[in-house]
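What follows is a single structure, written as C-alpha coordinates, with notes after it.
Here is the naming used below: chain letters follow the sequence lines, and residue numbers restart at 1 for every chain. Computed from a predicted structure; not experimentally measured.
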Amino acid sequence: MENQIQLTNVQKLAIKEKILKDTDHNNPKIPQANGGNFFNALKNGSEKFSNSKIKNVFPIEGEEV
Amino acid sequence: MGDSNKIRNSELEYTDIPDEELLFIYDEFENQFVKFLEEIKYPSDTKYKIDSYALIDAIVRVDKRKAYFWCFHNMEINERKEVALYAYWFLKFKPFSICDNRFADKKQTACINEMFAIYLISSILLFDDDKFAEVNVSKANDKFTYFDKLLYSLHYRCFTIDSFMLLVDSITPETFEYEFSVKA
(Lines give C-alpha, C1' and ligand atoms only; values in the text may rest on other atoms or scores of the structure.)
Protein backbone atom coordinates (compact mmCIF):
# COMPACT_ATOMS: atom_id res chain seq x y z
CA MET A 1 0.00 0.00 0.00
CA GLU A 2 1.17 3.48 -0.72
CA ASN A 3 -0.15 6.76 0.57
CA GLN A 4 -0.94 8.76 -2.53
CA ILE A 5 -0.72 12.11 -0.79
CA GLN A 6 2.49 12.54 1.10
CA LEU A 7 2.87 15.76 3.06
CA THR A 8 5.99 17.06 4.67
CA ASN A 9 5.97 17.88 8.34
CA VAL A 10 6.12 21.54 7.39
CA GLN A 11 2.97 21.14 5.33
CA LYS A 12 1.23 19.31 8.18
CA LEU A 13 2.13 22.06 10.62
CA ALA A 14 0.95 24.70 8.15
CA ILE A 15 -2.42 22.94 8.07
CA LYS A 16 -2.51 22.97 11.86
CA GLU A 17 -1.86 26.71 11.85
CA LYS A 18 -4.59 27.24 9.28
CA ILE A 19 -7.09 25.19 11.30
CA LEU A 20 -6.30 27.16 14.44
CA LYS A 21 -6.71 30.39 12.50
CA ASP A 22 -9.93 29.27 10.79
CA THR A 23 -11.53 28.14 14.02
CA ASP A 24 -10.38 31.09 16.11
CA HIS A 25 -13.54 33.12 15.83
CA ASN A 26 -11.72 35.87 17.66
CA ASN A 27 -15.04 37.06 18.95
CA PRO A 28 -14.45 40.15 21.00
CA LYS A 29 -16.28 38.60 23.96
CA ILE A 30 -19.36 40.56 23.00
CA PRO A 31 -21.52 40.92 26.08
CA GLN A 32 -25.14 39.96 25.93
CA ALA A 33 -27.54 42.68 24.84
CA ASN A 34 -28.59 43.50 28.36
CA GLY A 35 -25.15 43.51 29.86
CA GLY A 36 -24.92 39.80 30.39
CA ASN A 37 -27.81 39.29 32.74
CA PHE A 38 -29.71 36.45 31.17
CA PHE A 39 -32.35 36.51 33.87
CA ASN A 40 -33.20 40.17 33.28
CA ALA A 41 -33.78 39.20 29.66
CA LEU A 42 -35.92 36.26 30.71
CA LYS A 43 -37.97 38.40 33.09
CA ASN A 44 -38.41 41.11 30.49
CA GLY A 45 -39.44 38.58 27.85
CA SER A 46 -41.82 36.68 30.11
CA GLU A 47 -43.61 39.95 30.92
CA LYS A 48 -44.12 40.50 27.20
CA PHE A 49 -45.33 36.90 26.88
CA SER A 50 -48.53 37.66 28.80
CA ASN A 51 -49.77 40.07 26.12
CA SER A 52 -48.30 38.38 23.09
CA LYS A 53 -50.13 36.34 20.49
CA ILE A 54 -47.54 33.60 20.93
CA LYS A 55 -49.31 32.83 24.19
CA ASN A 56 -52.43 31.87 22.21
CA VAL A 57 -50.78 28.77 20.80
CA PHE A 58 -50.01 27.33 24.23
CA PRO A 59 -52.72 24.88 25.25
CA ILE A 60 -54.28 26.04 28.49
CA GLU A 61 -54.92 23.58 31.30
CA GLY A 62 -57.39 20.94 30.17
CA GLU A 63 -56.80 21.43 26.47
CA GLU A 64 -55.44 18.57 24.44
CA VAL A 65 -51.78 18.74 23.46
CA MET B 1 7.48 18.93 23.49
CA GLY B 2 7.84 20.98 26.66
CA ASP B 3 8.07 19.79 30.24
CA SER B 4 7.27 16.07 30.13
CA ASN B 5 6.11 16.10 33.76
CA LYS B 6 3.47 18.70 33.05
CA ILE B 7 0.20 17.88 31.34
CA ARG B 8 -0.59 20.41 28.66
CA ASN B 9 -3.49 22.71 29.54
CA SER B 10 -3.37 21.45 33.11
CA GLU B 11 -3.66 25.04 34.27
CA LEU B 12 -7.15 25.27 32.80
CA GLU B 13 -9.58 24.94 35.62
CA TYR B 14 -13.31 25.44 35.85
CA THR B 15 -14.36 27.68 38.70
CA ASP B 16 -17.54 26.51 40.39
CA ILE B 17 -20.63 28.64 40.13
CA PRO B 18 -20.87 30.71 43.34
CA ASP B 19 -23.47 29.45 45.82
CA GLU B 20 -25.46 32.68 45.82
CA GLU B 21 -25.59 32.72 42.01
CA LEU B 22 -26.81 29.14 41.89
CA LEU B 23 -29.51 29.85 44.48
CA PHE B 24 -30.56 32.97 42.57
CA ILE B 25 -30.91 31.00 39.31
CA TYR B 26 -32.79 28.22 41.11
CA ASP B 27 -35.32 30.75 42.47
CA GLU B 28 -35.64 32.46 39.09
CA PHE B 29 -36.59 29.19 37.43
CA GLU B 30 -39.04 28.30 40.16
CA ASN B 31 -40.64 31.76 39.80
CA GLN B 32 -40.79 31.37 36.03
CA PHE B 33 -42.34 27.90 36.36
CA VAL B 34 -45.08 29.24 38.64
CA LYS B 35 -45.68 32.17 36.26
CA PHE B 36 -45.85 29.73 33.36
CA LEU B 37 -48.48 27.58 35.12
CA GLU B 38 -50.51 30.72 35.78
CA GLU B 39 -50.21 31.77 32.13
CA ILE B 40 -51.68 28.48 30.96
CA LYS B 41 -54.47 28.71 33.53
CA TYR B 42 -53.50 26.19 36.15
CA PRO B 43 -55.24 27.02 39.43
CA SER B 44 -53.13 28.97 41.93
CA ASP B 45 -53.27 26.05 44.38
CA THR B 46 -51.80 23.56 41.90
CA LYS B 47 -49.30 21.26 43.55
CA TYR B 48 -46.00 21.03 41.75
CA LYS B 49 -42.61 19.54 42.48
CA ILE B 50 -39.10 20.52 41.57
CA ASP B 51 -36.47 17.82 41.48
CA SER B 52 -33.69 19.86 43.08
CA TYR B 53 -30.93 17.49 42.03
CA ALA B 54 -32.03 17.69 38.40
CA LEU B 55 -32.46 21.48 38.38
CA ILE B 56 -29.11 22.15 40.06
CA ASP B 57 -27.41 19.65 37.76
CA ALA B 58 -28.86 21.53 34.76
CA ILE B 59 -27.73 24.91 36.14
CA VAL B 60 -24.19 23.63 36.72
CA ARG B 61 -24.01 22.06 33.27
CA VAL B 62 -25.07 25.32 31.61
CA ASP B 63 -22.48 27.19 33.65
CA LYS B 64 -19.79 24.75 32.51
CA ARG B 65 -20.89 25.05 28.89
CA LYS B 66 -20.69 28.85 29.13
CA ALA B 67 -17.15 28.46 30.49
CA TYR B 68 -16.34 26.18 27.57
CA PHE B 69 -17.50 28.78 25.07
CA TRP B 70 -15.57 31.46 26.89
CA CYS B 71 -12.39 29.41 27.07
CA PHE B 72 -12.36 27.68 23.69
CA HIS B 73 -14.38 30.00 21.47
CA ASN B 74 -13.48 33.29 23.08
CA MET B 75 -17.12 34.26 23.26
CA GLU B 76 -19.94 34.94 25.62
CA ILE B 77 -23.02 33.17 24.31
CA ASN B 78 -26.12 35.20 23.55
CA GLU B 79 -29.44 34.83 25.32
CA ARG B 80 -30.87 32.52 22.67
CA LYS B 81 -28.02 30.07 23.02
CA GLU B 82 -28.22 30.27 26.80
CA VAL B 83 -31.94 29.56 26.90
CA ALA B 84 -31.37 26.70 24.46
CA LEU B 85 -28.86 25.21 26.89
CA TYR B 86 -31.26 25.44 29.82
CA ALA B 87 -34.10 24.08 27.70
CA TYR B 88 -31.94 21.20 26.50
CA TRP B 89 -31.06 20.08 30.01
CA PHE B 90 -34.61 20.58 31.28
CA LEU B 91 -35.80 18.30 28.50
CA LYS B 92 -33.24 15.72 29.50
CA PHE B 93 -33.52 15.88 33.29
CA LYS B 94 -37.18 16.94 33.54
CA PRO B 95 -36.81 18.78 36.86
CA PHE B 96 -40.38 20.15 36.94
CA SER B 97 -43.51 18.14 37.54
CA ILE B 98 -47.12 18.60 38.53
CA CYS B 99 -48.07 16.28 41.37
CA ASP B 100 -51.71 17.12 41.71
CA ASN B 101 -54.37 14.44 41.38
CA ARG B 102 -56.60 16.81 39.45
CA PHE B 103 -54.15 16.75 36.58
CA ALA B 104 -52.92 13.17 36.81
CA ASP B 105 -52.92 10.91 33.76
CA LYS B 106 -52.97 13.82 31.33
CA LYS B 107 -50.59 14.20 28.44
CA GLN B 108 -50.23 17.89 29.19
CA THR B 109 -48.93 16.99 32.64
CA ALA B 110 -46.48 14.56 31.07
CA CYS B 111 -45.30 17.26 28.66
CA ILE B 112 -44.94 20.04 31.22
CA ASN B 113 -41.13 20.28 30.90
CA GLU B 114 -41.38 20.49 27.11
CA MET B 115 -44.05 23.20 27.35
CA PHE B 116 -42.03 25.10 29.95
CA ALA B 117 -38.98 24.90 27.69
CA ILE B 118 -40.97 26.45 24.82
CA TYR B 119 -42.26 29.13 27.19
CA LEU B 120 -38.69 30.02 28.23
CA ILE B 121 -37.58 30.09 24.59
CA SER B 122 -40.59 32.23 23.64
CA SER B 123 -39.81 34.68 26.44
CA ILE B 124 -36.23 35.13 25.25
CA LEU B 125 -37.42 35.55 21.65
CA LEU B 126 -39.83 38.24 22.83
CA PHE B 127 -36.98 39.95 24.65
CA ASP B 128 -34.65 39.61 21.69
CA ASP B 129 -36.89 40.99 18.95
CA ASP B 130 -40.04 43.07 19.32
CA LYS B 131 -41.37 41.58 16.10
CA PHE B 132 -42.13 38.36 18.00
CA ALA B 133 -44.81 40.27 19.94
CA GLU B 134 -46.56 41.01 16.67
CA VAL B 135 -46.64 37.52 15.20
CA ASN B 136 -50.03 36.64 13.84
CA VAL B 137 -50.55 33.15 15.13
CA SER B 138 -53.70 31.27 15.99
CA LYS B 139 -54.92 27.72 16.21
CA ALA B 140 -56.77 26.69 13.06
CA ASN B 141 -58.79 23.50 13.28
CA ASP B 142 -57.15 21.60 10.48
CA LYS B 143 -53.65 23.01 10.85
CA PHE B 144 -50.78 22.63 13.28
CA THR B 145 -48.77 25.55 14.56
CA TYR B 146 -45.03 25.78 15.00
CA PHE B 147 -45.70 25.31 18.72
CA ASP B 148 -47.42 21.97 17.99
CA LYS B 149 -44.55 20.92 15.80
CA LEU B 150 -41.94 21.94 18.32
CA LEU B 151 -43.74 20.30 21.24
CA TYR B 152 -44.01 17.03 19.33
CA SER B 153 -40.34 17.14 18.40
CA LEU B 154 -39.15 18.01 21.90
CA HIS B 155 -41.22 15.18 23.37
CA TYR B 156 -40.46 12.43 20.89
CA ARG B 157 -37.32 13.31 18.97
CA CYS B 158 -33.65 13.56 19.85
CA PHE B 159 -31.52 16.66 19.55
CA THR B 160 -27.88 17.19 20.17
CA ILE B 161 -27.05 20.17 22.33
CA ASP B 162 -25.45 22.00 19.41
CA SER B 163 -28.32 21.33 17.01
CA PHE B 164 -30.72 22.62 19.64
CA MET B 165 -28.73 25.84 20.06
CA LEU B 166 -28.74 26.30 16.30
CA LEU B 167 -32.49 25.69 16.17
CA VAL B 168 -33.26 28.34 18.81
CA ASP B 169 -30.80 30.79 17.29
CA SER B 170 -32.51 30.53 13.90
CA ILE B 171 -36.19 30.99 14.86
CA THR B 172 -37.72 34.05 13.20
CA PRO B 173 -41.14 35.66 13.79
CA GLU B 174 -42.25 34.10 10.49
CA THR B 175 -41.35 30.66 11.85
CA PHE B 176 -44.09 31.03 14.45
CA GLU B 177 -46.63 32.05 11.83
CA TYR B 178 -46.05 29.02 9.63
CA GLU B 179 -48.91 26.51 9.53
CA PHE B 180 -48.28 22.81 9.11
CA SER B 181 -50.65 20.21 7.74
CA VAL B 182 -49.12 17.41 9.83
CA LYS B 183 -48.06 17.41 13.46
CA ALA B 184 -45.09 15.06 13.36
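Hydrophobic clustering (ILVMFWY, side-chain heavy atoms < 4.5 Å, transitive): B/F29 and B/I56 are in one cluster. Side-chain heavy atoms closer than 4.5 Å link hydrophobic residues (I, L, V, M, F, W, Y) into clusters, and following such links, possibly through other members, connects B/F93 to B/V60. One hydrophobic cluster, built from ILVMFWY side chains closer than 4.5 Å, holds both B/I40 and B/L126. Criterion: ILVMFWY side-chain heavy atoms under 4.5 Å apart, direct or through other members. Under it, B/L166 and B/Y178 are not part of a common hydrophobic cluster. A single hydrophobic cluster is not seen to contain both B/F147 and B/Y152; linkage of ILVMFWY side chains at heavy-atom distances under 4.5 Å, directly or through other members, places them apart.
B/Y42 touches chain A through backbone and side chain together, each having a heavy atom under 4.5 Å away. Proximity to chain A (any heavy atom under 4.5 Å) is shown, for B/K107, by both the backbone and the side chain. Of the atoms belonging to B/F132, heavy atoms from both backbone and side chain fall under 4.5 Å from chain A. For B/I118, the parts lying near chain A are the backbone and the side chain together; criterion is any non-hydrogen pair under 4.5 Å. Heavy atoms closer than 4.5 Å to chain A are found nowhere in B/N31, neither backbone nor side chain. Looking at B/E38, there are no atoms closer than 4.5 Å to chain A (heavy atoms on both sides), in backbone or side chain. Contact annotation for B/L37: neither backbone nor side-chain heavy atoms come within less than 4.5 Å of a heavy atom of chain A.
For residues 7-18 of chain B, the side-chain hydrogen bond (donor to acceptor under 3.5 Å, both in side chains) pairs, not counting sequence neighbours, are B/K6-B/E11, B/Y14-B/D63.
Put simply, of B/M115, B/K41, B/Q108, B/H155, the one with the most heavy-atom pairs under 4.5 Å next to chain A is B/Q108. The candidate from B/E39, B/E177, B/Q32 with the greatest count of non-hydrogen atom pairs under 4.5 Å with chain A is B/E39. Comparing B/L125, B/D148, B/V83, B/T46 by how many heavy-atom pairs each has under 4.5 Å with chain A, the most go to B/V83.
The 12-atom threshold is exceeded at CZ of B/F24, counting heavy atoms of other residues, nucleotides or ligands nearer than 6.0 Å. Atom CG of B/N101 sits in a sparse spot, with 12 or fewer heavy atoms from other residues, nucleotides or ligands closer than 6.0 Å. In the displayed structure, B/K92 atom NZ is contacted under 6.0 Å by at most 12 heavy atoms of other residues, nucleotides or ligands. Within 6.0 Å of NZ in B/K94 there are more than 12 heavy atoms belonging to other residues, nucleotides or ligands. Within 6.0 Å of NZ in B/K131 there are 12 or fewer heavy atoms belonging to other residues, nucleotides or ligands.
When ring centroids are compared, A/F49 and B/F36 stay outside the 6.0 Å threshold. Ring centroid separation for the pair A/F38 and B/F127 does not come in under the 6.0 Å cut-off.
Taking non-hydrogen atoms and a 4.5 Å limit, the residue list of residues 50-65 of chain A in contact with chain B, ordered by number, reads A/S50, A/S52, A/K53, A/I54, A/K55, A/N56, A/V57, A/F58, A/P59, A/I60, A/E61, A/G62, A/E63, A/V65. Listed in order of number, the residues of residues 3-11 of chain A that approach chain B to under 4.5 Å between heavy atoms amount to none.
A/S46 and B/S123 get closest at one heavy-atom pair: CA-OG, 3.4 Å.
Residues passing the salt bridge (Lys or Arg N to Asp or Glu O under 4.0 Å) test with B/E20, sequence neighbours excluded: none.
The CG atom of A/L42 sits 7.5 Å away from the CD atom of B/E28 when rounded to the nearest 0.5 Å.
Put simply, the side chain of A/K48 never gets that close to the backbone of B/A133: no donor and acceptor are under 3.5 Å apart.
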